[in-house]
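Counting starts at 1 for both ligands and their atoms, in listed order.
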Amino acid sequence: MRTALYPGTFDPVTHGHTDIVDRALAMFDRLIVAVANNTSKSTTFSVQQRLELLKAVIGDKPEIEIVEFNGLTAHYAKERDVAAIIRGLRAVSDFEYEFQMALMNRRLVPEVETVFLMPRGKYAYLSSTLIKDVARFGGEVDLFVGEPVAKMLREKLKNEE
Ligand code: ADP
């Protein structure tokens, strides 16, 4: 059984993230989608909401576990004894940071490889931040996120008004 870990903030999950989940599952037997709890980023959605949205969008699949984690990705990868860490690469702009992080993680846990996957072209420009901006200014986000995410974005915005 080969298990991979897909860590991220998922604030909120987009079709770009789920595209990467599908690709990772084609390569590994099991996938742990792990929501960073104590991230230095301030998030729009709580960790419970981010988990709830991932579960709603991905559904119940025996080969996928959706969890939260604290601390370093490398430490969590070791604790869960995974073969690989999955990261998505959108554009060249992602590369520098992701490359640094992959090399740092290799220093911390040499036995875990980082695997970079590219989403299909139409999702290559999607980011959670961009989607929140579109939603905030009244744009349609239904093409980029699942229905439960679009609904929660609308509710969140109503509360911001
Ligand atoms: P993080 O804060 O860890 O970067 P994100 O939730 O923004 O968390 O992203 C998690 C992972 O998913 C990262 O590897 C990121 O590059 C990737 N990702 C985000 N959006 C997309 C997308 N549209 N296509 C492919 N990969 C993506």
Give yes or no for whether the N/O distance cutoff of 3.5 Å, strictly under, is met between [X] and ligand 1.
X: Arg87; value: yes
X: Thr14; value: no
X: Ser127; value: no
X: Leu126; value: yes
X: His17; value: yes
X: Gly88; value: yes

Problem set entry | Min heavy-atom dist Glu98 to ligand 1 below 4.0 Å | yes
Problem set entry | Heavy atom of Tyr6, distance to ligand 1 below 4.0 Å | yes
Exercise. What do the steps show when you test Ile86 against Phe28 for side chain to side chain contact (heavy atoms under 4.5 Å, CB included), and what is the final call?
Worked result: CA-CA 10 Å; Ile86 304 290; Phe28 293 89; 3.8 Å; yes
Seminar exercise, completed: Residue set satisfying side-chain contact (heavy atoms from CB on, under 4.5 Å) with Thr114, at least two apart, ordered chain then number -> Ile85, Arg87, Ala102, Phe116
Exercise. In ligand 1, which numbered atoms sit nearer than 4.0 Å to a non-hydrogen atom of Phe10?
Worked result: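 Within the 4.0 Å cut-off of Phe10, ligand 1 contributes 6 (O).
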Exercise. What atoms of ligand 1 come within less than 4.0 Å of a heavy atom belonging to Tyr123?
Worked result: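 What qualifies from ligand 1 is 22 (C), 23 (N), 24 (N).
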Problem set entry | Considering all heavy atoms, the nearest Phe45-Asp11 contact | N-OD1, 2.8 Å
Exercise. How far apart are the closest heavy atoms of Arg2 and Asp29, and which atoms are they?
Worked result: N-OD2, 2.6 Å
Problem set entry | For ligand 1, the portion of Thr9 having any non-hydrogen atom under 4.0 Å away |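 Both backbone and side chain of Thr9 come within 4.0 Å of ligand 1.
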Exercise. Can you say whether the rings of Phe99 and Phe95 are parallel (under 30°), tilted (30 to 60°) or perpendicular (over 60°)?
Worked result: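 It falls in the parallel class, under 30°.
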Exercise. Which class fits the ring pair His15 and Tyr123: parallel under 30°, tilted 30 to 60°, perpendicular over 60°?
Worked result: tilted
For this session: Taking only Lys NZ, Arg NE, NH1 and NH2, and the carboxylate oxygens of Asp or Glu, determine whether Glu147 and Arg154 approach each other closer than 4.0 Å.
Result: yes
Problem set entry | side-chain hydrogen bond (donor to acceptor under 3.5 Å, both in side chains) involving Asp19 - partner list, sequence neighbours excluded | Arg23, Arg120
